[in-house]
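Protein chains get the first letters and strands the later ones, always in sequence-line order, with residue 1 at the start of each. Please read these numbers as outputs of a predicted model, since none were measured by experiment.
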Amino acid sequence: MSLSVRVPTRLKRRRTPLSGGSVWRTIGIVLLWLFVAFNVAGLIWVIFQAFRDTRSILSSPFGLPESWSFENFTTAWQVSDFATATFNSVSVALISSVLTVALAAPAAYYLSRHESRLNRNLTLFFILGLGVPVQVILIPLFVMLNEVNLTNSLIGLNLVYIGVSMPFTVFLLTGFFRSLPIELEEAAALDGASPAGTFVRIMLPVAKGGILTAFVLQLISHWNETLLALTLLQSTDKYTLPVALISFVQQQTYSGADWGGLFAGLCIVILPLLAVYLWLGRKLSEGLTLGMGK
Amino acid sequence: MSLKAPERSVDPVDSGGASGTPKAKKGRDSGGSMVAQRRKLMIPFVGPALLFYLVLFIIPTGAAVWISFNKWAGSGPMTWVGFSNYTALFKDDLFKQALWNTLLLLVVVGVVMFVLAFAMTLVLRDMAGRKIARSIIFFPHLINALVYGVLAGFLFNPGGLVNTLLKPLGVTDPPQWLAQDNLFPLIMLTLTFMTTGYYTTILMAGVDRIPPYYYEDCAMAGANAWQRLRYVILPLTWDVFGVCAVLWTISSVKIFEIVWVFGGSSGSGIPPTQTWTAAVYTYATAFSGESLPAYGAATASAIISLALVTVLVVLIRRVMRRDVIEF
C-alpha cells in the first residue's frame with residue numbers, strides 16, 4: 001500500500017528539476033561522481049600501497065601489490081613501535097569516551113528536562129566551550145598537569161580528553177534528550193519511579209541510540225586528537241598513534257623515506273575508522289549534521 | 001507494550017531495596033516535593049560533568065588570560081607585564097604571518113568550500129544514488145588531517161605521483177611543489193578537499209527538510225532553476241548556512257596537524273614559518289624547545305585566536321540573522 005503511494009511522489013520529485021535542468025546539471029553530476037570515485041580510489045590506493053615495498057611504490061605508484069605480504073605492517077608494528085601506540089590510542093579513546101558519555105549523559109538529561117533559568121544558563125555555559133580553540137588551554141593544562149605529575153601520563157591525557165569533550169557531548173545530548181517525549185517520564189512518575197530510577201531504567205534504554213552516537217563520535221575524535229597528545233606526552237612508550245605517526249614522519253627526513261611503512265601506518269589509523277563508519281555510518285553523519293541544523 | 005509491564009512490576013521491588021523508597025513515596029504525595037526532589041538530583045547529575053568542565057576547561061581558559069599578561073618561562077617567577085605581550089605580538093612578523101595565514105584559511109578556504117559544497121548539494125539533492133554518494137563524501141571528515149598531510153607529501157614529492165603523471169604530458173620542469181612558498185597554497189587546497197564533503201552533508205540535511213510541494217509549486221508557477229534557488233532553497237536553508245559558517249570559523253582557527261606534518265616532513269621537524277597558523281605559532285613558541293619557552297607570548301597569541309573566534313561568531317550571527325521561516 002504505502003509503496004504504491006510513495007513511488008509517484010518520488011518520481012515527481014525527481015522529474016521536476018530535470019525539466020528545468022540543463023547541460024550544467026549533467027556536468028555537475030559527472031563532476032560529483034568523479035569526486036566520489038576519487039575518494040574511493042584514494043582510499044583503496046592507500047591500502048594497496050601499504051602492501052608494497054618503498055622501491056616499487058616509487059617506481060610505479062599505480063601498481064598493484066604483487067603479494068599480500070604484511071611486511072610493512074610488521075615492520076611498522078615492531079620496529080617503529082606502532083604496536084604500543086595503537087594500544088595506547090585504543091585504551092585512551094575507549095576509556096575517555098566511556099567516561100565522557102557517562103558524565104555528560106546525566107548532566108544533559110537533567111539540563112534538558114528541568115526548565116529553569118539556572119539550567120538554561122548552565123547549558124549555555126557548557127556550549128560556550130565549543131567556541132574556545134584548543135590552543136588556548138594548551139599551556140595552562142600542561143602546567144597544571146605538570147604540577148600533579150600527570151604529564152607524560154595516559155591518565156592525564158584521559159582526564160584532559162574528558163574535560164575537553166564536555167561542551168560538544170553535552171550540546172549533542174541535550175538536543176537529543178529534548179527530542180524524546182516527556183510523556184514517558186510522566187508515566188514513570190505516576191508509577192512511582194524515582195527521578196533517578198526514571199533516568200536509569202526508562203530514559204537510558206530509550207536514549208540508547210543517541211548515547212551510542214555520542215560515544216562513537218567521541219571515540220573518533222579522541223582517536224584522532226593530535227595537538228594535546230603531542231604536548232602532553234613525551235616518551236615513546238606513551239605515544240598515541242597520531243604522535244607516533246608524526247615522529248615516524250620526522251625520522252624519515254634523516255633515514256630516507258620508508259613509504260611502505262608510512263602507508264602501513266596510515267592504514268592503522270584509517271581502517272578502524274572505516275570499520276566504525278561501515279557499522280554506524282548513517283547515525284554518525286546524522287549526529288554530526290542534524291544536531292547542527294537545529 | 002509488553003515490554004513495559006515487567007518494568008512496572010520490577011520498579012517497586014527494586015527501589016524497596018535501595019534508598020529510593022521514601023523518595024518514591026514523596027513523589028506520589030505531591031507535585032511540589034517532586035520538584036524539590038528533582039532539584040536535589042542536580043548535584044549528582046550535573047555535578048561531575050560540571051566539575052570536569054570547570055577544572056579542565058574553564059580554569060585553564062581563565063589561567064590562559066592571566067598568563068598572557070605575564071612574562072613567564074614555564075618555571076620560576078612570573079612577571080606582570082600588562083599588555084606588552086600583545087603589543088610585542090603585533091610587532092612580530094612571524095605572528096602577523098601566522099594570523100594572516102589563519103585568516104586566509106578561514107576566508108579563502110571557507111568561501112571556496114562553501115561554494116563547492118552548495119553546488120554539490122544542489123546536484124546531490126535529487127540525484128540518483130544520492131545516499132551512497134553522500135555517505136562516501138562524508139567519510140574523509142572522520143580521518144585525521146595528518147593522513148592528508150602525509151599523502152600530499154607523497155603526491156607532491158619531486159619524484160612523487162604528481163610529477164610522474166605530468167611527465168607524459170610534456171612537463172619536464174615541474175614546479176617545486178614543496179618549496180617553502182608553495183606549501184601554504186597546497187595546504188589550502190588539501191583542506192578544501194578534506195572539508196567540502198562534510199559541509200555538503202550538513203547543507204544537505206538542511207535542504208532535505210524542504211518539503212517537496214514547494215518545488216511542485218515552483219514548477220506550477222513556471223519558476224526557472226535560478227528562481228527556485230533564490231526564492232525557495234536559499235531562504236529555507238539560511239539558518240543552516242549560518243550554523244556552517246560558525247562551525248567553520250571555530251574549526252579553522254584551531255587547524256594544526258596538517259600544517260605540522262606538511263612542513264615537518266620537509267625539514268627539521270618544525271614547519272617553515274611561511275606556513276604557520278595561529279595554533280602552530282602558539283605550540284611552537286611554547287614547546288619547540290629551541291629557545292627559552294615564552295609562555296606569556298604563546299598564550300597571548302592563543303587569546304587573540306579566541307578573540308578572533310568570538311568577534312567573528314557574533315558578527316556572523318548578526319549578519320545572518322533573519323526571521324526564522326517555519327515550515
Side-chain angles (χ1 to χ4, degrees), chain A residues 13-14 16-17 20 28-29 32 36 39-40 58 61 103-104 106-107 110 114 126 129 131-141 159-160 162-164 166 189 191-197 201 220 224 226-227 231 242 245-246 249-250 259 262 266 269-270 273 277 281 285 289-290 292-293, chain B residues 8 11 15 20 23-24 27-28 38 41 45-46 48-49 52-53 56-57 60-61 63-64 120 123 126-127 133 135-136 138-139 142-144 146-147 161 164 201-202 205-206 212 215 219 224-225 240 243 250 253-254 256-257 261 264-265 269 279 282 286-287 295 298-299 302 305-306 309 313:
Chain A
R13 207 184 344 157
R14 218 165 255 170
T16 330
I29 291 181
L32 196 121
V36 170
N39 272 305
V40 177
L58 287 176
L103 291 175
Y110 188 89
H114 305 291
F126 270 110
V132 180
V134 67
Q135 66 258 37
V136 171
I137 58 173
L138 195 64
I139 292 162
L141 272 179
L159 292 176
V160 167
I162 297 170
V164 171
M166 278 305 147
D191 287 340
S194 69
R201 279 193 292 269
I220 292 171
N224 285 336
T226 310
L227 181 54
T231 309
L245 198 64
I246 289 180
V249 169
Q250 287 178 345
W259 286 106
L262 205 46
L266 295 186
V269 175
I270 299 172
L273 289 175
Y277 189 60
S285 57
T289 55
L290 283 189
M292 305 296 166
Chain B
R8 262 183 211 166
D11 219 287
S15 54
K23 278 186 188 171
R28 248 177 251 159
R38 276 183 163 180
L41 278 175
F45 271 56
V46 185
F52 268 83
Y53 181 54
L56 292 159
F57 206 109
T61 309
M120 278 168 61
V123 175
D126 36 32
M127 194 181 80
S135 315
I136 290 170
F138 178 80
F139 182 63
L142 299 180
I143 299 176
N144 194 332
L146 281 177
V147 171
L161 192 54
T164 318
T201 343
I202 304 183
Y215 301 128
N224 61 28
V240 184
V243 173
I250 292 172
V253 170
K254 48 186 174 195
F256 171 82
E257 295 91 320
V261 80
S265 56
T282 306
F287 300 110
Y295 281 9
T299 20
S305 330
L306 176 60
V309 172
V313 168

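Of the atoms belonging to Val313(B), not a single heavy atom falls under 4.5 Å from chain A. At a 4.5 Å heavy-atom cutoff, the contact between Phe139(B) and chain A is made by backbone and side-chain atoms alike. Using a 4.5 Å cut-off between heavy atoms, Leu273(A) touches chain B through backbone and side chain atoms alike. Contacts of Leu306(B) with chain A are made by both backbone and side-chain atoms, with heavy-atom separations under 4.5 Å. Only the side chain of Val269(A) has a heavy atom closer than 4.5 Å to any heavy atom of chain B.
Remark: Ile162(A) CD1 to Phe57(B) CZ distance equals 14.5 Å, nearest 0.5 Å. Between Ile143(B) atom CD1 and Ile220(A) atom CD1 the span is 10.5 Å, to the nearest 0.5 Å. In this structure, CD in Glu257(B) is found 8.0 Å from CG in Asn224(A), a value given to the nearest 0.5 Å. Between the CZ atom of Phe52(B) and the CG atom of Leu103(A) there is a distance of 5.5 Å, given to the nearest 0.5 Å. Taking CG of Leu146(B) as the start and CG of Leu245(A) as the end, the distance is 6.0 Å to the nearest 0.5 Å.
Residues Met127(B) and Leu32(A) approach most closely at CE-CD2, 3.6 Å, considering heavy atoms. Between Leu56(B) and Gly163(A) the shortest heavy-atom distance is CB-CA, 4.0 Å. When all heavy atoms of Ala298(B) and Ile139(A) are compared, the pair lying nearest together is CB-CD1, 3.4 Å. Of all heavy-atom pairs between Ala133(B) and Val36(A), the closest is CB-CG2, 4.0 Å. Closest non-hydrogen pair, Pro60(B) versus Leu141(A), comes out as CG-CD2, 3.9 Å.
With hydrogens and angles ignored, the 3.5 Å screen pairs no side-chain donor or acceptor of Tyr277(A) with any backbone N or O of Leu142(B).
Comparing Val132(A), Leu262(A), Leu138(A) by heavy-atom pairs within less than 4.5 Å of chain B, the highest count is held by Val132(A). Heavy-atom pairs under 4.5 Å with chain B peak, among Gly28(A), Pro242(A), Pro133(A), at Pro133(A).
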side-chain contact (heavy atoms from CB on, under 4.5 Å) between Val253(B) and Gln135(A): does it pass, once the steps are laid out? CA-CA 9 Å; Val253(B) 170; Gln135(A) 66 258 37; 4.1 Å; yes
